[in-house]
Amino acid sequence: MPVLQTPLKRLPRRRRSPLPGLGLTLGVTVTFVTLIVLLPLLGLGWQLGQLGWSDYIFVMTDSRTLAALRITLTAAAAATVANGLFGLLLAWVLVRYRFPGRAALDALVDLPFALPTAVAGIALVSLYSQNGWIGALTAPFGFEIAYSWAGIVIAMIFTSVPFAVRAIQPLIEELDPAEEAAALTLGASRWQIFRAVTLPQLMPGILTGTGLSFVRSLGEFGAVIFIAGNIPFETEIASLLIMIRLDEFDYPAAAAIAGTMLALSLILLVAINIAQTRLYRRFETGA
């Protein structure tokens with residue numbers, strides 16, 4: 001008796017992804033990261049390797065270097081505080097209110113991303129110098145903005161405020177108005193609602209936005225050098241000092257300052273990511 005043979009079912013064909021395969025995409029990604037990120041970092045690390053520990057300490061404890069770092073850090077901190085407050089307010093207005101020109105204002109937030117920083121610096125000088133529209137109003141009171149520490153802060157605010165706004169804006173859009181309405185019916189004031197209901201949900205965005213704003217301000221160069229005045233020990237920032245050391249062919253000293261700024265930025269970014277993750281977990285668990 002012949003044995004009936006049942007044909008094997010055809011295995012379903014694996015659908016091909018519209019994107020290229022893993023090998024091609026991974027190869028392009030690794031190549032891009034290597035050329036754009038890793039090689040410059042390796043070059044910086046090689047320059048740092050030319051310095052001994054004592055040489056590094058000598059460069060970083062130089063009075064001019066310390067003054068440049070102090071000016072940069074304090075100005076970046078002041079700009080970050082301003083961006084945190086103004087960025088939250090601007091993001092709130094853009095999301096919660098409808099008014100003529102809202103779309104234009106929303107587009108202007110991204111202007112510092114598209115505008116060359118040198119052009120921004122020239123524009124700020126024309127506004128805040130003694131002959132500028134705003135500087136002419138403050139000069140009679142003895143308050144000079146351009147070519148001072150205040151000018152550095154304003155330049156840093158201008159170039160980094162989009163980070164704060166764009167990090168907070170999506171979280172405001174995701175807020176549930178029902179939670180605020182429920183708190184209002186329970187007798188909470190507007191301030192209590194904002195502090196207890198709204199602000200905890202916005203904290204991850206505020207932390208991310210202000211952190212990125214601070215890191216961006218640390219490395220700002222083009223907009224600041226036009227309005228700072230670049231006076232050693234008074235208005236000279238760390239980025240400009242690095243450029244000066246390069247012009248002097250003192251590459252190890254420039255690498256030491258640049259490496260310190262890079263390490264500080266990386267530490268801040270890692271801390272921001274860790275804090276952001278913990279805030280999201282705490283919010284999800286309700287702890």
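Hydrogens, waters and symmetry mates play no part in the numbers below; they use all other heavy atoms, side chains included.
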Side chain of Thr235, backbone of Ala228: donor and acceptor closer than 3.5 Å? yes

Determine whether more than 12 heavy atoms belonging to other residues, nucleotides or ligands lie under 6.0 Å from atom CZ of Arg190. no

Strictly distance-based, threshold 3.5 Å: is any side-chain N or O of Gln169 a donor or acceptor partner for the main-chain N or O of Ile172? no

Apply the test side chain to side chain contact (heavy atoms under 4.5 Å, CB included) to residues Ile206 and Leu199: give CA-CA distance (whole Å), side-chain angles for both, the deciding distance (0.1 Å), then the verdict. CA-CA 9 Å; Ile206 295 174; Leu199 187 59; 3.8 Å; yes

Could you check Thr198 against Leu175 for side chain to side chain contact (heavy atoms under 4.5 Å, CB included), going step by step and ending with a plain yes or no? CA-CA 8 Å; Thr198 306; Leu175 290 176; 3.6 Å; yes

Strictly distance-based, threshold 3.5 Å: is any side-chain N or O of Asp62 a donor or acceptor partner for the main-chain N or O of Phe58? no

Inter-residue atom distance Arg64.CZ - Glu236.CD, 0.5 Å rounding: 4.0 Å

Can you confirm if the aromatic rings of Phe163 and Phe113 lie within a centre distance of less than 6.0 Å? yes

Is a salt bridge present between Arg96 and Glu180, judged by a nitrogen-to-oxygen distance below 4.0 Å? yes

What is the distance from atom CD1 of Ile145 to atom CD1 of Ile154, rounded to the nearest 0.5 Å? 4.5 Å

Do Asn83 side-chain atoms and Ala79 backbone N/O form a donor-acceptor pair below 3.5 Å? yes

Would you kindly say whether Thr74 and Trp149 are connected by a side-chain donor-acceptor distance under 3.5 Å? yes

With rounding to the nearest 0.5 angstrom, report the CG to CD1 distance, Leu127 to Ile122. 12.5 Å

Look only at the side chain of Glu220 and the backbone of Ser217, and say whether a donor-acceptor pair between them is shorter than 3.5 Å. no

So Val165 and Leu88, side chain to side chain contact (heavy atoms under 4.5 Å, CB included) or not? Walk me through it. CA-CA 6 Å; Val165 177; Leu88 175 60; over 6 Å; no

With a cut-off of 3.5 Å and sequence neighbours excluded, list every side-chain donor-acceptor pair involving residues 257-268.
unit_1 : atom_1 : unit_2 : atom_2 : d
Thr260 : OG1    : Tyr56  : OH     : 2.6
Thr260 : OG1    : Ala256 : O      : 2.8
Ser265 : OG     : Met261 : O      : 3.0

For Phe99, does the CZ atom have more than 12 heavy-atom neighbours from other residues, nucleotides or ligands under 6.0 Å away? yes

With distance as the sole test, does Thr138 use its side chain to make a donor-acceptor pair with the main-chain N or O of Glu144 at under 3.5 Å? no

So, taking the atom named CD1 in Ile227 and the one named OH in Tyr147, what distance separates them when rounded to the nearest 0.5 Å? 8.0 Å

